[in-house]
Structure formats: structure tokens, C-alpha cells
J.: 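Input: one structure, supplied below.
In the text below, chain A, chain B and the rest are named by the order of the sequence lines, each starting its count at 1.
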Amino acid sequence: MNPFKLASTEYTPEIVLDLDNKELFFRGECRPENVSTFFAPIVAWFEELKTVPVPEGQISVVFNLDYFNSSSAKHIMDIFFLISDINKDYNYQLEIVWEYDEDDEDVYDAGVEFEDLSGVKFIFKAL
Amino acid sequence: MKETNTTYKMFETMKQHKAMVTYHGEFTFESINNILLYARRDIKMRNVQKRTSKKVYAVLVEALENILRHGVEKDCNIKTTDGVFILYKTDNGFTIKTGNLIKNKDIDKLKSDIKEVSEKNIEQLKEAYRHQLRNGSISNKGGAGIGLLDMAIKANKDLSFNLFETDANTSFFELTININQEEETLAA
């Protein structure tokens, strides 16, 4: 499956979604000018997982978001719902690694909410 | 001479009130980026706890994006609106003030959002935020309908609003948000 790669800007994160190498991460700040346009190809990439052979074993999706705005939060939530479906209905073992600054209770709390609402397994890592 | 005095008065007022960053003029995605850059740099220089500076930054982004998203759009080839923004240092933390014009036909939604934030306690606001995250959709203005909830929760409900008609078509919306450093330290 074709990897999705995006370099970071001062207001959007670096993103790598590479299934073959099991390297999946979001890193940086997320407050794109147009959230829907920004997240559309990312959602499409996760949707495509439903159509390809399922790799064996666990796959970590690392979220290391220093800051994300509230409209990004809504899209990130939708990605977690999608991951939940992919795990349940397509037998993937995707888990979320939620990395946060140990001083940043808001980002940690957001991770707890996302885990609670999506039912996907989160591993919390304070940095 | 008169003109000079006016500027001096503005300068003194801002200084007295410990204004850190002020901006009046066109709000675009680009101008917001620049305001955030200056504000972030200035907050860092104040030697505040990282958790406070992060909270202030998060509220700043939402407050500035709200102006751009809901302000009366100017007739221009890029999305732009007029507004005012001031970041103050207070004895206990920081205060963010924003103001922008809003079309009267758009104020009903804002009024109901203000009512919700005013009437609910923190736990109820968190529940409303969770509900929007789960069930909400992105509006045609690009918002998730949770910006105000998010700010209210982050500011521990220490915020106030003012909305008044300026003419038959427009109203002015003022938002004041306080981020208290002391409370945070106590809660840690």
C-alpha cells in the first residue's frame, strides 16, 4: 500500500503513514487553515486499509501533537472511530501511542477522552 | 499635536494595563499566524510555567480563529475580517480580549452558545464537549462547534461575553478570557 507522507509546517504536523514498514505517526502542531481539506487524504488512507491484505501483529500509530485546535480534534476523533472500525471489522491490530509533554495536562486529558470515546487501545507516553 | 497626544494616550493605556501584544486590523490566516508567533515568544520571555504558557497558547488560537471564522467577512479575494485582540499580563496570569463585528442574522447561534457556556458547570461543559466530539459535524464555516466550550474548559470558566447591536445589520462581540496561573499551581 502506498505510504502517505507530509512534511510539517509551523501550523501542520509531519505525517508518515507507511503500512509496509509499520511506521505511522503524526508529529507537531495541528491547526490547518482548512481542516476538512487537510484531513481528507488522511481519512482516505485509513479507509484504504479496508481493501488491502491485513498485516500480522500490532501496529502502533504514534500521535505526538504538541497542540491541535478544536476543529482538528473533531477530525482526529473521526480517525479514531475509523481505526476502531478497522480493528473490529477487518482484524487489524492498530493501537495508538499517545505521546504528550509531561507538563501538558490538556493534551494528556484529550488522549484520555479519545481513548474513552473510541474504544481503541491507547498507550500513554509522557515525554 | 493632537494626533500625537492620542497615540501617547493609547500607548500609556496599554502600558498601564500591561498589554503584551495588541492587534487591530484585518484578521486573515496569515495575520493570525504572525500574532501567535509574537505572543508565543512574549509568553516564553515571561518565565511562566510551561503548562500555563501552553494553555494560554491554546486559548489564543481558538479566540483568534473564532474572529476569522465568525467575523463579518470583507469583500476580498481572501478570507478576512476586522477585529481587535489584546493579550494582557495580569497579576495572576493572563487575560485575552477579542472583539469583532458579527452579522445580526448570525447572532442566534452565538447567543445560544453563550447561554450554554454560562449556565453549565465545568463537568457539564466537558460532557457537552464530549458530545460534540462524538456527534458533531464540521460547519460550513469550518468550525466544530466546540471552540467556545474548549476555551471555557481551559479557562476554568473564567470568561465573560458582551454582545450588542451596533446597527441594524451588525453587532459587536467582545470576549474576555482569564487564564489564572495561581489556580493552576494549586491544582497541580
Side-chain angles (χ1 to χ4, degrees), chain A residues 8-13 28-40 42-43 63-85 98-120 122 126-127, chain B residues 28-34 36-37 40 48-66 68-69 78-79 122 126-156 179 184-185 187-188:
Chain A
S8 67
T9 69
E10 63 178 288
Y11 43 84
T12 52
E29 184 163 323
C30 194
R31 46 174 189 89
E33 183 168 12
N34 185 326
V35 267
S36 300
T37 312
F38 180 78
F39 278 96
I42 301 161
V43 172
F63 281 80
N64 181 338
L65 296 173
D66 196 40
Y67 168 75
F68 49 91
N69 63 2
S70 63
S71 34
S72 294
K74 175 65 197 151
H75 286 272
I76 294 167
M77 182 75 249
D78 289 344
I79 290 173
F80 292 144
F81 282 139
L82 187 53
I83 288 175
S84 172
D85 287 348
W98 189 259
E99 295 182 347
Y100 63 97
D101 187 327
E102 61 177 349
D103 291 323
D104 197 337
E105 55 171 4
D106 289 329
V107 169
Y108 171 77
D109 287 347
V112 174
E113 296 283 3
F114 284 136
E115 181 185 36
D116 189 37
L117 291 169
S118 68
V120 179
F122 274 49
L127 300 175
Chain B
T28 61
F29 185 68
E30 202 190 347
S31 68
I32 286 179
N33 284 339
N34 288 321
L36 288 169
L37 199 70
R40 184 177 247 175
V48 293
Q49 285 182 340
K50 208 152 116 193
R51 56 191 302 178
T52 305
S53 65
K54 286 198 154 205
K55 213 178 266 285
V56 174
Y57 183 76
V59 174
L60 273 178
V61 176
E62 293 297 331
L64 294 170
E65 285 184 348
N66 262 354
L68 182 58
R69 194 169 291 139
I78 55 162
K79 189 166 171 55
I122 283 285
K126 284 183 179 171
E127 187 45 48
Y129 181 90
R130 275 193 288 269
H131 179 83
Q132 276 298 113
L133 215 48
R134 209 169 28 219
N135 308 311
S137 57
I138 299 294
S139 75
N140 55 2
K141 291 190 175 181
I146 49 178
L148 208 55
L149 289 171
D150 187 52
M151 285 190 278
I153 295 165
K154 288 201 166 84
N156 201 21
I179 309 286
E184 242 192 288
T185 316

J.: Which atoms of B:Lys154 are under 4.5 Å from chain A, going by heavy atoms: the side chain, the backbone, both sets, or neither?
T.: side chain
J.: Quick check: do B:Lys55 and A:Asp106 have side-chain heavy atoms less than 4.5 Å from each other?
T.: yes
J.: Applying the side chain to side chain contact (heavy atoms under 4.5 Å, CB included) test to A:Tyr11, which of B:Val61, B:Asn33, B:Leu36 qualifies?
T.: B:Asn33
J.: Closest heavy-atom contact between A:Ser70 and B:Glu62?
T.: N-OE2, 2.6 Å
J.: Of the non-hydrogen atoms in A:Lys74 and B:Arg134, which two are nearest, and what is the gap between them?
T.: NZ-O, 3.7 Å
J.: State, without any angle test, whether A:Asn69 and B:Glu65 hold a side-chain donor-acceptor pair at a distance under 3.5 Å.
T.: yes
J.: Go through the atoms of A:Glu102 and report whether side chain, backbone, both or neither lie under 4.5 Å from a heavy atom of chain B.
T.: neither
J.: Taking all heavy atoms of B:Tyr129 and all of A:Ala73, pick out the closest pair and write down the distance.
T.: OH-CB, 3.8 Å
J.: Working to the nearest 0.5 Å, report the span between CZ of B:Arg40 and OH of A:Tyr67.
T.: 10.0 Å
J.: Minimum heavy-atom separation for B:Leu133 to A:Phe81, with atom names?
T.: O-CE1, 4.4 Å
J.: Report, as yes or no, whether the 6.0 Å neighbourhood of atom CD on B:Glu127 holds more than 12 heavy atoms from other residues, nucleotides or ligands.
T.: yes
J.: Evaluate the criterion salt bridge (charged side-chain N to carboxylate O under 4.0 Å, His left out) for residue pair A:Asp101 and B:Lys50; output intermediate values, then yes/no.
T.: CA-CA 10 Å; A:Asp101 187 327; B:Lys50 208 152 116 193; 2.9 Å; yes
J.: With only heavy atoms counted, which part of A:Glu113 is less than 4.5 Å from chain B, the side chain, the backbone, both or neither?
T.: side chain
J.: Is it true that a side-chain atom of A:Glu105 and a backbone atom of B:Arg51 form a donor plus acceptor pair closer than 3.5 Å?
T.: no
